[in-house]
Amino acid sequence: MKKFNLMYKNYLSDILLLGVAIIWGLSYSLTKGALNYTSVLMFLVIRFGITFLLLMPFTIKSLIGTSKKIILYGSFLGLILSGVFIAEVYGIKYTTATNAAILISLSIVFTPFIDIFRTKNKPSKQLIIAATTSIIGIYILTYNKNFTINIGDILILIAAILRATMLTSIKLFTNRYSINSLTLTQIQMGVIFFVSLFLLLQTNQSILIPIELEYWLQIMFIIMFCTIFAFFAQNYGVRHSSPVKASFLMGTEPLFGVLFAIMFIGETLTINVAFGGFLIFIATLLGVKEDNKSFQPTANASAEFKR
């Protein structure tokens, strides 16, 4: 029975992490549209402020009973996540949805190497092959005669490094402490909201709240699915997986990002996009296959929802 439960949790984590990739793939097109109505920081304040309020009735009890040390560590993860979103949303503003979806997938390359500091182990040959394949796929996807690295692309690359750091940090945190995913998500949402609000008040960006219906349809979908569901699923999935496996599963995000960009904002599917996307998908499968051989869940992984 224990073996069955363990297998169930492992498969569920895979499904949830893939679901995160699909939803976040859609988020690039939605965010691009939402930024037509408001500034980057105001977008983040609204998104994470509403999320924080929606989660409060379900988390206030567990937050009151959470130790200061866990809140401190959770806040540290929230600061990393704040960096991810500030860099990523600014990047989306200044580059295309396709470029953003592709370049963020470099987190699948950065994660195994950042995870060395946690495990003290070198990446396996198969993981290095998978990472190399993904780099080739990304190059093919992004190659065109006019391709240049603009400020938006650089910011997305920074977000990719921070995302890889966050995945490894979540695993390190949940190996040491028992905290349910919803409570951890709430702490992160609160930190992102307050960091974004602080930066908004320190800059000259617009603080006007949009009134257009299209904006609110987009932002509510982003809140309910791209934020609440996605972060709950990610925290649960990473706890029952490893940073490398989680990163490779969510590395399929650019495929969905490109697909939705073609469907909703009229971008064209070229041979480069098709072939490069195929290579990234193969790299993802290689990474998951290799990681399945070596991953052993931690004691805390079985302690989910005890609080």
Side-chain angles (χ1 to χ4, degrees), residues 16-56 58 78 81-105 151-153 155-156 159-160 163 185-186 188-197 199-200 203 205-234 250 252-269:
L16 288 174
L17 290 172
L18 186 60
V20 170
I22 294 171
I23 290 171
W24 279 357
L26 177 59
S27 72
Y28 297 101
S29 297
L30 292 175
T31 300
K32 195 81 173 172
L35 290 177
N36 290 327
Y37 301 99
T38 189
S39 65
V40 169
L41 291 176
M42 191 63 192
F43 168 82
L44 293 173
V45 167
I46 293 173
R47 173 178 177 177
F48 293 104
I50 293 176
T51 302
F52 185 79
L53 292 175
L54 288 175
L55 290 179
M56 185 58 74
F58 305 100
L81 203 54
S82 297
V84 171
F85 273 98
I86 291 170
E88 189 171 29
V89 177
Y90 268 112
I92 291 171
K93 179 178 179 179
Y94 293 116
T95 190
T96 64
T98 298
N99 271 25
I102 292 165
L103 292 174
I104 198 67
S105 69
I151 185 63
D153 296 332
L155 287 169
I156 296 294
R163 181 186 286 193
T185 298
Q186 178 70 328
Q188 291 172 322
M189 298 302 98
V191 172
I192 298 171
F193 167 71
F194 285 111
V195 168
S196 301
L197 181 61
L199 292 175
L200 178 64
T203 63
Q205 291 193 26
S206 171
I207 60 173
L208 294 177
I209 298 176
I211 60 172
E212 291 83 0
L213 177 62
E214 184 178 356
Y215 171 82
W216 285 102
L217 289 175
Q218 291 172 331
I219 196 70
M220 291 310 298
F221 184 93
I222 290 172
I223 288 169
M224 297 306 298
F225 293 97
C226 303
T227 308
I228 294 177
F229 167 78
F231 282 106
F232 175 80
Q234 185 195 33
M250 292 190 295
T252 59
E253 179 184 327
L255 302 181
F256 297 109
V258 171
L259 175 63
F260 292 130
I262 292 168
M263 291 172 60
F264 299 126
I265 57 179
E267 296 187 11
T268 305
L269 178 63

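Residues take their numbers from the sequence shown, with the count starting at 1. Computation of the quantities below employed the complete heavy-atom set of this structure, encompassing side-chain atoms and omitting hydrogens, waters and symmetry-equivalent molecules.
Annotation: side chain of L16 is in contact with side chain of F229 (closest heavy-atom distance under 4.5 Å). For the pair I219/W216, a side-chain contact is recorded, criterion being any heavy-atom separation below 4.5 Å from C-beta on. Annotation: side chain of Y215 is in contact with side chain of F43 (closest heavy-atom distance under 4.5 Å). In this structure, I23 and F256 have side chains that are not in contact, with every pair of non-hydrogen atoms separated by 4.5 Å or more. When side chains are defined from C-beta on, T38 does not count as touching L208, because their heavy atoms never get closer than 4.5 Å. Residues I151 and Y90 fail the side-chain proximity criterion, which asks for heavy atoms closer than 4.5 Å. Side-chain contact between S39 and I207 is absent, with no heavy-atom pair separated by less than 4.5 Å. Counting heavy atoms from C-beta outward, L26 and F264 have side chains that approach closer than 4.5 Å.
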Report task. Could you give me the CA-CA distance, side-chain angles and deciding distance for M56 and L53, then say whether side chain to side chain contact (heavy atoms under 4.5 Å, CB included) is met? Result -> CA-CA 5 Å; M56 185 58 74; L53 292 175; 5.6 Å; no
Requested in this report: Apply side chain to side chain contact (heavy atoms under 4.5 Å, CB included) to the pair M42 and I209, showing each step before the final yes or no.
Outcome: CA-CA 8 Å; M42 191 63 192; I209 298 176; 3.6 Å; yes
Report task. For side chain to side chain contact (heavy atoms under 4.5 Å, CB included), just list the numbers for F260 and I22, CA-CA rounded to whole Å, side-chain angles, deciding distance to a tenth of an Å, and then say yes or no. Result -> CA-CA 9 Å; F260 292 130; I22 294 171; 4.3 Å; yes
Query raised in the report: Is there a side chain to side chain contact (heavy atoms under 4.5 Å, CB included) between R47 and C226 once you walk through the steps?
Result: CA-CA 10 Å; R47 173 178 177 177; C226 303; 4.1 Å; yes
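Ring geometry, W24 versus F85: the interplanar angle exceeds 60°, so the pair is classed perpendicular (tilted spans 30 to 60°).
The two atoms that bring L103 and I156 nearest to each other are CB-CG2, 3.5 Å, heavy atoms only. When all heavy atoms of T51 and Q186 are compared, the pair lying nearest together is O-OE1, 4.4 Å. The minimum heavy-atom distance between K32 and K93, with the atom names listed, is NZ-O, 3.6 Å. Heavy atoms only, all atoms of each residue included: V20 and A230 are closest at CG2-O, 3.4 Å.
Under the ring-ring contact (aromatic ring centres under 6.0 Å, His included) criterion, F194 pairs with no residue at all, not counting sequence neighbours.
Here the CD1-CZ distance, from I104 to R163, works out to 4.5 Å after rounding to the nearest 0.5 Å. If you take CG on L54 and CD1 on I223, they are separated by 7.0 Å, rounding to the nearest 0.5 Å. With values rounded to the nearest 0.5 angstrom, L30 atom CG is found 10.0 Å from I92 atom CD1. One finds the OG atom of S27 at 9.5 Å from the CZ atom of F221 (value rounded to the nearest 0.5 Å). Atom CD1 of residue I50 and atom OG1 of residue T227 lie 10.0 Å apart, to the nearest 0.5 angstrom. Atom CG of residue L197 and atom CD1 of residue I46 lie 11.5 Å apart, to the nearest 0.5 angstrom.
Y37 and E214 form a side-chain donor-acceptor contact under 3.5 Å, judged by distance and modelled atom types alone.
Side-chain N or O atoms of S196 include none that pairs as donor or acceptor with a backbone N or O of F193 at under 3.5 Å.
When the options I192, L81, L155, L199 are evaluated for a side-chain contact (heavy atoms from CB on, under 4.5 Å) with I86, the one that passes is L199.
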